[in-house]
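The shown structure was predicted, so the numbers you read here are calculated from the model rather than taken from an experiment. Along the sequence shown, the residues carry numbers beginning at 1.
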Amino acid sequence: WSVQRQSWRLTLRGHRSGVLCVNFSGDGQRLVSASSDKTARVWSAGSFGECLSVLHGHRKDVSWVTFSPEDSEILTSSDDRSVIFWDAETFLRLQTVGQ
């Protein structure tokens, strides 16, 4: 959304259901979205909004997502009562806490 122009700047397409949370990396270069389609997606924040990875691993809606303070990890939380830690460069699962 462009505040100055009052118009959409970019639409990110890919989730098959509603988006529940979006957060930017600390450097502003990437963003991550959480969805009720049970996935999180990592996006380039550049002008084309390329999907860099789809994070699969939760059994229910992914309700929250964020980058770690140093942008080295992505954390996802789900209605399945689990939290997954992902490597923010390789997108590999590092650890699952909970269910």
Decide yes or no on side chain to side chain contact (heavy atoms under 4.5 Å, CB included) for Phe85 and Val97, but give the supporting numbers first. CA-CA 8 Å; Phe85 294 76; Val97 178; 3.9 Å; yes

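- Side chain of Ser53 to backbone of Leu55: no donor-acceptor contact under 3.5 angstrom is found.
- By the 4.5 Å heavy-atom criterion applied to side chains, Val32 and Trp43 are not counted as neighbours.
- Looking only at side-chain heavy atoms (C-beta outward), Ser77 and Val62 stay at 4.5 Å or farther from each other.
- Note that OG of Ser17 is 10.0 Å distant from NZ of Lys38, once rounded to the nearest 0.5 Å.
- For the pair Phe91/Leu52, a side-chain contact is recorded, criterion being any heavy-atom separation below 4.5 Å from C-beta on.
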How far apart are the C-alpha atoms of Thr76 and Trp64, what are their side-chain angles, what is the distance that settles it, and do they pass the side chain to side chain donor-acceptor pair (under 3.5 Å) test? CA-CA 6 Å; Thr76 57; Trp64 178 81; over 6 Å; no

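- Here the closest heavy-atom approach between residue Ala45 and residue Gly28 is recorded as CB-O, 3.4 Å.
- Under the 4.5 Å side-chain criterion, counting only non-hydrogen atoms from C-beta, Leu94 is in contact with Glu73.
- Every side chain to side chain donor-acceptor pair (under 3.5 Å) that Arg93 has, sequence neighbours left out, goes to Thr96.
- With a 4.5 Å cut-off on side-chain heavy atoms, Ile84 and Leu75 do not count as touching.
- Between Ser82 atom OG and Lys60 atom NZ the span is 10.5 Å, to the nearest 0.5 Å.
- Counting only distance, with no hydrogens or angles, the side chain of Ser35 and the backbone of Gly18 share a donor-acceptor pair below 3.5 Å.
- The two atoms that bring Leu20 and Ser36 nearest to each other are CD1-N, 3.9 Å, heavy atoms only.
- Although no hydrogens or angles enter the test, the distance criterion places no donor-acceptor pair under 3.5 Å between the side chain of Ser44 and the main chain of Glu50.
- Although no hydrogens or angles enter the test, the distance criterion places a donor-acceptor pair under 3.5 Å between the side chain of Asn23 and the main chain of Val65.
- The closest donor-acceptor contact from the side chain of Asp71 to the backbone of Ser25 lies at 3.5 Å or more, if one exists at all.
- Within the structure, the salt bridge (charged side-chain N to carboxylate O under 4.0 Å, His left out) test picks out the following pairs touching residues 20-34 (sequence neighbours left out): Arg30-Glu89.
- The main-chain N or O of His58 is never found under 3.5 Å from a side-chain atom of Ser78 such that the two would form a donor-acceptor pair.
- Residues Ile74 and Thr66 have side chains not in contact (no heavy-atom distance under 4.5 Å, counting atoms from C-beta outward).
- Inter-residue side-chain proximity for Trp86 and Leu92 is flagged as unmet; no heavy-atom pair is nearer than 4.5 Å.
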